[in-house]
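The block underneath contains the structure these notes are about, expressed in structure tokens.
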4 protein chains.
Amino acid sequence: MSPGPNAARRSESSRKAILAATEELCRENGYRKLTIEAIAARAGVGKTTIYRWWPSRGAIVLELLDETATVGTAPPNTGDLAADLRALLQEVIDIIVPADTSPGVGLMAESLQDPELGRALRERLIEPRIETFKQRLRQAQDAGQLPADADLEVALDLLYGPIYHRLALHLGMPDSDHLDALIAHVLRALTAPKAG
Amino acid sequence: MSPGPNAARRSESSRKAILAATEELCRENGYRKLTIEAIAARAGVGKTTIYRWWPSRGAIVLELLDETATVGTAPPNTGDLAADLRALLQEVIDIIVPADTSPGVGLMAESLQDPELGRALRERLIEPRIETFKQRLRQAQDAGQLPADADLEVALDLLYGPIYHRLALHLGMPDSDHLDALIAHVLRALTAPKAG
Amino acid sequence: MSPGPNAARRSESSRKAILAATEELCRENGYRKLTIEAIAARAGVGKTTIYRWWPSRGAIVLELLDETATVGTAPPNTGDLAADLRALLQEVIDIIVPADTSPGVGLMAESLQDPELGRALRERLIEPRIETFKQRLRQAQDAGQLPADADLEVALDLLYGPIYHRLALHLGMPDSDHLDALIAHVLRALTAPKAG
Amino acid sequence: MSPGPNAARRSESSRKAILAATEELCRENGYRKLTIEAIAARAGVGKTTIYRWWPSRGAIVLELLDETATVGTAPPNTGDLAADLRALLQEVIDIIVPADTSPGVGLMAESLQDPELGRALRERLIEPRIETFKQRLRQAQDAGQLPADADLEVALDLLYGPIYHRLALHLGMPDSDHLDALIAHVLRALTAPKAG
DNA sequence: GTTTAAGCGAGACGGTACGTCAAGTCTTTGG
DNA sequence: CCAAAGACTTGACGTACCGTCTCGCTTAAAC
């Protein structure tokens with residue numbers, strides 16, 4: 001699938017300029033006041049160029065976050081399950097709210113309303129990390145740290161849930177101690193003998 | 001604070017019409033395409049009347065949800081803690097996503113970006129229910145069903161978190177069985193002996 | 001026509017306050033920005049009270065000018081025809097543009113577009129003065145200063161015309177010398193023998 | 001000042017459509033009820049496009065009249081001074097009130113209140129014609145038909161004044177006979193020996 | 001002296017148009 | 001043929017006043 005002669009070739013410098021402008025404008029005015037027009041003007045780029053390559057404002061920001069975020073498909077495995085889980089949770093927190101002005105929250109908000117964006121957000125940012133998370137839990141099962149029949153779906157809900165809970169309620173992200181408490185509770189729930 | 005002697009008073013019929021129009025338009029086109037203009041037109045009301053009494057589109061929807069939602073300050077207490085908790089969780093779910101077209105999700109999304117709306121949303125919809133929830137947990141502590149030193153903040157995060165988690169990831173709300181599993185895990189975590 | 005039983009009891013103090021507020025607001029912001037709402041607020045009066053007694057903004061200003069203007073049905077007759085005519089012209093100038101911020105010009109403008117107001121303006125301000133003017137010319141005819149067959153309609157057009165001409169072209173009203181020149185020309189035209 | 005290399009250029013078709021819509025709407029409802037919104041709707045044009053190129057409703061109408069009006073910088077000179085002057089006066093009358101519904105009067109009215117519009121109106125419509133008029137009078141002086149010291153400013157006031165006088169008083173424009181009478185009087189005034 | 005109906009202030013109401021903003025599309029010109 | 005520039009249509013925004021309409025209160029006339 002290499003481009004043929006005279007094939008349309010995307011300008012990498014424009015792409016960079018657009019992402020940079022987006023990042024700056026988010027930092028200055030917040031995601032809420034981010035407009036395509038402003039991005040185009042700041043990046044020195046025609047609006048057409050933006051619309052040619054991205055379907056929406058959110059998609060640009062998504063690409064920005066994706067580039068910034070750390071990558072790594074294999075889960076960390078230090079042997080300390082709780083610590084590894086905390087690192088994984090922290091990674092998601094850092095994507096969504098590394099700083100007050102960062103666009104992660106705005107992107108989450110927009111994705112609630114825009115199914116297409118929501119899908120892209122999950123596919124590119126969320127699900128790979130969930131998958132890594134589950135891998136780590138399965139490794140724990142293999143190591144005998146968790147029962148083989150532990151309900152990993154419930155574990156996901158319980159561990160990632162608080163992040164979104166606090167996001168939704170403007171409560172500020174859980175700090176390190178609270179993360180530890182959450183993880184400790186969940187691990188206890190998974191290992192404690194079930195009633196009956 | 002009764003109105004002064006010469007105060008012209010608010011028209012209850014307009015208020016009703018505005019809320020009704022809002023509800024209809026959400027049902028027809030979704031919260032996303034809801035506009036003040038359309039509400040005014042549908043309600044047969046001047047835009048000014050809307051702006052006089054509500055600061056934003058979200059505020060109208062908030063009032064709509066608030067009126068629709070069930071009220072009740074005292075927590076249910078049937079003796080069955082898990083069942084009572086499930087009822088309380090279900091109540092919040094029903095406010096946010098009673099139906100696909102209901103505006104709860106849109107309102108949540110908007111409140112993420114609009115601090116004023118977020119504050120109002122928490123004050124009027126969320127916090128009263130959290131308070132009720134905590135009351136029920138305290139009653140359980142008094143009844144010896146939960147340890148006196150159980151961390152209720154963590155319990156809140158663990159129980160409400162999944163709702164927002166699933167909201168954020170477009171996963172659909174937990175069904176009754178999943179709710180039960182979540183609650184069972186959390187109760188186990190709260191009652192299981194702590195490590196160390 | 002004394003008021004019958006149950007006659008409307010108009011509040012003279014409100015009327016005064018409205019005219020005073022109108023005058024002030026014209027002075028401050030110009031006729032253009034004059035609004036009924038502002039008049040009502042400044043006068044400490046309900047809008048209803050204004051609409052009860054005046055059909056339009058212009059009608060209020062007309063009443064204001066009418067009260068301010070000098071009255072006098074009999075024309076001045078000092079024997080000096082040119083001087084008397086100049087006094088009569090000056091009187092009209094003083095009604096329309098006593099000062100830069102005065103509402104006379106605005107009223108003229110509005111009356112061009114509002115037939116009802118135009119009619120009222122002519123009846124109450126213009127025509128009485130035209131009638132007086134014609135009387136003076138007729139006195140001049142009787143005194144032999146003007147030919148008996150002088151065309152008084154043309155004289156009116158020629159003498160009052162320049163006022164409106166200059167108004168329309170934002171040229172500033174004719175000063176005393178220019179008025180004299182205009183009058184001298186017209187009197188010459190009226191007395192000069194017609195071409196045969 | 002030709003447009004830069006990458007300049008998108010003004011749409012002539014939009015401009016035409018806007019002027020046409022303006023003309024139609026004036027004919028149908030009169031200048032008074034002319035709104036930018038209606039023009040945009042009728043012309044199938046965005047309001048922004050109108051605001052981009054014209055500062056006000058009046059400016060559009062001015063451009064409309066300017067396009068419609070006859071052009072011609074050199075004054076007519078048939079040798080018959082009175083007839084030439086009448087033609088020049090008639091030209092101004094035809095611009096302002098060619099028909100009952102024409103927007104000329106409204107434009108005059110608005111220009112009385114809007115200095116910017118007034119300036120534009122004079123520059124584009126009035127002053128060129130005044131200049132032509134003065135040229136013709138100077139030609140008459142050269143031809144010995146008028147004294148070299150005739151006061152042309154006074155002549156202007158006396159000849160154009162009646163037009164605005166009658167406009168202001170809703171009297172209807174002078175017909176051909178009255179125009180002749182006015183011109184005859186003024187020429188007599190200019191040629192008659194001065195008193196003293 | 002009461003009664004009582006009008007005028008009154010206040011201001012909410014349904015509307016119309018305003019002038020602005022940003023969206024997404026289209027057109028022109030240049031590299 | 002991509003990209004920049006920016007003009008275009010569209011549609012919603014929030015505001016300003018319009019002229020109308022209830023409200024209670026005040027007040028002068030009629031009883």
Side-chain angles (χ1 to χ4, degrees), chain A residues 5-11 13-14 17 33-41 43-53 55-57, chain B residues 3-11 13-15 17 33-41 43-53 55-57, chain C residues 3-14 17 33-41 43-53 55-57, chain D residues 3-11 13-15 33-41 43-53 55-57:
Chain A
N6 284 342
R9 271 180 328 271
R10 181 170 184 181
S11 157
S13 68
S14 289
K33 295 186 184 169
L34 185 67
T35 65
I36 302 271
E37 304 230 304
I39 294 173
V45 140
K47 281 202 287 178
T48 320
T49 304
I50 297 181
Y51 284 112
R52 201 184 337 262
W53 302 109
S56 68
R57 178 178 72 149
Chain B
N6 284 338
R9 247 124 69 220
R10 181 169 183 180
S11 158
S13 68
S14 290
R15 189 184 143 272
K33 295 187 184 168
L34 184 67
T35 66
I36 303 267
E37 302 235 347
I39 296 173
V45 141
K47 280 201 287 178
T48 318
T49 302
I50 297 181
Y51 284 111
R52 190 164 14 236
W53 302 111
S56 68
R57 178 179 73 146
Chain C
N6 289 341
R9 290 151 306 198
R10 182 170 185 180
S11 158
E12 178 63 13
S13 68
S14 289
K33 295 186 183 168
L34 185 68
T35 67
I36 301 273
E37 302 230 301
I39 295 173
V45 140
K47 282 201 286 176
T48 319
T49 303
I50 296 180
Y51 284 111
R52 195 176 352 250
W53 302 110
S56 69
R57 177 178 74 148
Chain D
N6 283 338
R9 245 122 73 218
R10 179 169 185 180
S11 157
S13 68
S14 290
R15 189 184 143 273
K33 295 187 184 168
L34 185 68
T35 66
I36 302 270
E37 302 236 355
I39 294 173
V45 139
K47 280 200 287 178
T48 319
T49 301
I50 296 181
Y51 284 112
R52 199 181 345 257
W53 302 110
S56 68
R57 179 178 73 147

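To find a chain, count down the sequence lines: A is the first, B the second, and so on, and within it residues start at 1.
In this structure T35(C) satisfies the side chain to side chain contact (heavy atoms under 4.5 Å, CB included) test together with E37(C), A38(C), sequence neighbours excluded. Every residue meeting the side chain to side chain donor-acceptor pair (under 3.5 Å) condition with S13(B), not counting sequence neighbours, appears here in chain and number order: S11(B). By the salt bridge (charged side-chain N to carboxylate O under 4.0 Å, His left out) test, R15(D) pairs with E12(D), E63(D), E67(D), sequence neighbours left out. With sequence neighbours left out, the side chain to side chain contact (heavy atoms under 4.5 Å, CB included) criterion links A40(C) to K47(C), I50(C). Annotation: side chain to side chain contact (heavy atoms under 4.5 Å, CB included) contacts of A43(D) (sequence neighbours excluded): A17(D), I18(D), A21(D), V45(D).
Under 4.0 angstrom from either OP1 or OP2 of dC2(F) there lies no side-chain N or O belonging to R52(A). Checking the phosphate oxygens (OP1, OP2) of dG14(E), a side-chain nitrogen or oxygen of T49(B) falls inside 4.0 Å. For dG11(E), neither phosphate oxygen OP1 nor OP2 lies less than 4.0 angstrom from any side-chain nitrogen or oxygen of W53(B).
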Atom pairs under 3.5 Å: protein N/O with N/O of nucleotides 17-21 of chain E:
unit_1  : atom_1 : unit_2 : atom_2 : d
dC18(E) : OP1    : I36(D) : N      : 3.0
dC18(E) : OP2    : I36(D) : N      : 3.2
dC18(E) : OP2    : E37(D) : N      : 2.9
dG19(E) : OP2    : Y51(D) : OH     : 2.4
dG19(E) : O5'    : Y51(D) : OH     : 3.4
dG19(E) : N7     : K47(D) : NZ     : 2.9
dG19(E) : O6     : K47(D) : NZ     : 2.7
dC21(E) : N4     : T48(D) : OG1    : 3.2

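Residue S14(A) places its side chain closer to dA3(F) than to any other of dG14(E), dT9(F), dA3(F). For V45(B), whose side chain is taken as the heavy atoms from C-beta onward, the closest listed nucleotide among dC13(E), dG14(E), dA7(F) is dG14(E).
Atom CD1 of I50(C) is separated from atom P of dG7(E) by 16 Å (rounded to the nearest Å).
Contact detail for L34(D) and R57(D): the closest heavy-atom pair is O-NH1, 2.9 Å.
Taking 3.5 Å as the limit, the base of dA28(F) and the side chain of R9(C) contain a donor-acceptor pair of atoms between them.
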